[in-house]
Protein chains: 2
Amino acid sequence: MPRLNTDTRAEIRTVALELFSEQGYEQTSLREIAERLGITKAALYYHFSSKSVLLGELVHPLIDELRAMADRMGESGFTDPRAIVEEYFDLCFRYRQVFIGLLNDVHVRRELELVEAMIHWRERVDAVLVGSDAPADRVRSVVALGGLQDTIILFPDVPAAELRAAAVDAAMRALLPETAGTPAAKGAIASE
Amino acid sequence: MPRLNTDTRAEIRTVALELFSEQGYEQTSLREIAERLGITKAALYYHFSSKSVLLGELVHPLIDELRAMADRMGESGFTDPRAIVEEYFDLCFRYRQVFIGLLNDVHVRRELELVEAMIHWRERVDAVLVGSDAPADRVRSVVALGGLQDTIILFPDVPAAELRAAAVDAAMRALLPETAGTPAAKGAIASE
DNA sequence: GTCTATAGGATGATAGAC
DNA sequence: GTCTATCATCCTATAGAC
């Protein structure tokens, strides 16, 4: 019989994200998800045609937002490094459960062909952040954004505002060209 | 019959590391490993008592070295931030296949109880690198070391020396306290 | 050291009743 | 929408022959 007053589809997504994040995608069976909801695997298949489709619905919103962010850069005047770094932090933070639990999962990256997408995204962002596509320069951007992400994973209990301020600050310094130490070196970057 | 002129045990380790890195630990079956070596699963079990033990033999050397590095800090005079960051880069680089392929695998981290180990390690290293255990300060260390790791993953084709120079440099800047821009702020850190 | 054969179990997915 | 029952497939691991 139908369960009362519930949006089963949404509940499945919620439980799936929880379990995928905790245990990994492959290590979580549809049986587990169904059991926690008090339904059967077959009912689950009524709502999602496959395990992979369920995964996609969890991850795609983040991917889409990342893509939209990259699109907005370059086109419009969205080129201020600090603004970009801050927005990237906010995006990672908003989707932190997906970020931590799913984007780091080997199988998820394979299944959704995420590696190429992310590399491509990074290339575009790096170019704007350090104004170069030479590896020696892009390294700075990778340290900045990669390090930024890690703070969200490693400090789940630090208040968001405090974390954001400290992390963005450190990331901005990582972005500075090698001749750093001279605050005026790149105007908007070095100033606060 | 025994295969000629081969060290099967070592070959298993090599092939396992390759496949685990490419596909993830759980996604790689012992059948696959055995097939690639031209032996059977049963032979594999002769050399390694379980899949988990095989995994442990691949990962433990790295864990041990990380631990040894943390032990050397504090005790002896091994406290120069740049030296620590450089050694951390070298360690990550030397074990990059394990680092990229296994430490990022959810199931591996679970199975080897790696999360607590890594968090503990980071706490000790952070304290030496930024001289504080306040989150606002530790963030700098996390950005520095986390970002450093990412460069190894994202730039597999950049010559090691070039990568190291650029990555360590960016990481060192991320470590600077918020009042950065004044090169003399922390002596050895800011100078090159 | 390596083999064949198999136990024992979990999994994703489907068919068809209600 | 949810169920029961089942399929086909894969897995880790073991027993015992050679």
Side-chain angles (χ1 to χ4, degrees), chain A residues 1-59 101-102 105-113, chain B residues 1-59 101-102 105-113:
Chain A
M1 76 214 104
R3 295 150 73 245
L4 298 174
N5 296 328
T6 56
D7 183 348
T8 306
R9 230 187 114 81
E11 280 185 346
I12 292 173
R13 267 203 300 265
T14 304
V15 169
L17 180 52
E18 266 175 38
L19 291 178
F20 288 166
S21 297
E22 281 168 26
Q23 316 177 330
Y25 173 69
E26 276 277 286
Q27 285 67 51
T28 303
S29 66
L30 297 179
R31 181 186 52 74
E32 265 180 294
I33 299 173
E35 262 174 17
R36 186 176 287 203
L37 283 166
I39 61 176
T40 62
K41 269 194 300 174
L44 226 159
Y45 271 98
Y46 171 80
H47 294 281
F48 296 92
S49 60
S50 80
K51 192 185 181 186
S52 173
V53 164
L54 172 55
L55 172 67
E57 288 209 18
L58 296 175
V59 176
L102 294 178
D105 188 314
V106 212
H107 196 267
V108 169
R109 286 196 297 255
R110 283 219 138 197
E111 184 132 336
L112 300 182
E113 284 161 7
Chain B
M1 74 215 105
R3 294 148 74 244
L4 298 173
N5 295 326
T6 55
D7 182 348
T8 306
R9 228 187 116 80
E11 283 187 349
I12 292 172
R13 267 204 299 266
T14 304
V15 169
L17 179 52
E18 268 176 35
L19 290 178
F20 288 165
S21 298
E22 281 169 26
Q23 315 177 332
Y25 174 69
E26 276 278 285
Q27 285 68 52
T28 303
S29 67
L30 297 178
R31 180 186 50 75
E32 267 180 293
I33 299 173
E35 261 175 16
R36 186 176 287 202
L37 283 166
I39 62 176
T40 63
K41 273 190 298 175
L44 226 157
Y45 271 98
Y46 170 82
H47 295 281
F48 296 91
S49 60
S50 77
K51 191 186 181 185
S52 173
V53 165
L54 173 54
L55 173 66
E57 289 210 17
L58 296 175
V59 175
L102 293 179
D105 188 311
V106 212
H107 196 266
V108 170
R109 286 197 299 254
R110 283 219 138 198
E111 184 133 336
L112 301 182
E113 284 162 6

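The analysis underlying the following values was restricted to heavy atoms, covering all of them including side chains, and did not include hydrogens, waters or symmetry mates. In what follows, chains carry the letters A, B, and so on, assigned in the order in which the sequence lines appear, proteins first and then strands, with residues in each chain numbered from 1. Since this is a predicted model, take the numbers as computed values, not measurements.
- An OP1 or OP2 oxygen of dC10(D) is reached within less than 4.0 angstrom by no side-chain nitrogen or oxygen of Arg31(B).
- In this structure, of dA13(C), dG1(D), dC3(C), it is dC3(C) that holds the atom nearest to the side chain of Ile39(B).
- In this structure, Lys51(B) atom NZ and dC10(D) atom P are separated by 15 Å, rounded to whole Å.
- Nucleotide dT14(C) holds its P atom 11 Å from the CG atom of Leu30(A), rounded to whole Å.
- Residue Tyr45(A) has a polar side-chain atom (N or O) positioned under 4.0 Å from OP1 or OP2 of dA13(C).
- A sub-4.0 Å separation between OP1 or OP2 of dT2(C) and a side-chain N or O of Thr8(B) is present.
- Backbone-only contact: Thr28(A) has heavy atoms under 4.0 Å from sugar-phosphate atoms and none from a base.
- Listed candidates were dT12(D), dT2(C), dT14(D). Nearest to the side chain of Ala43(B) is dT2(C).
- With distances taken from any side-chain atom of Ala42(A) to the nucleotides dT2(D), dG1(C), dA15(C), the minimum falls on dA15(C).
- Going from atom CZ of Phe48(A) over to atom P of dG12(C) covers 15 Å, rounded to whole Å.
- The nucleotide whose nearest atom lies closest to any side-chain atom of Thr40(B) is, among dT4(C), dA13(C), dC3(D), dT4(C).
- No option in Gln23(A), Arg36(A), Arg13(A) other than Arg36(A) meets the side chain to side chain donor-acceptor pair (under 3.5 Å) test with Glu18(A).
- Salt-bridge annotation for Arg9(B) and Glu57(B): present, with a side-chain N of the basic residue lying under 4.0 Å from a carboxylate O of the acidic one.
- Two residues are said to be in side-chain contact when any heavy atoms from C-beta on lie closer than 4.5 Å; Val106(A) and Tyr25(B) fail this criterion.
- The pair Glu35(A)-Arg31(A) counts as a salt bridge, with a side-chain nitrogen and a carboxylate oxygen less than 4.0 angstrom apart.
- In this structure, the side chains of Gln27(B) and Arg110(A) stay at 4.5 Å or more apart for every pair of heavy atoms.
- Between Ser29(A) and dA10(C) there is no side-chain N or O to OP1 or OP2 distance below 4.0 Å.
- Between the CZ atom of Arg9(A) and the P atom of dT2(D) there is a distance of 12 Å, rounded to whole Å.
- Computed from coordinates, the Lys41(A) NZ to dA5(D) C1' distance equals 11 Å when rounded to whole Å.
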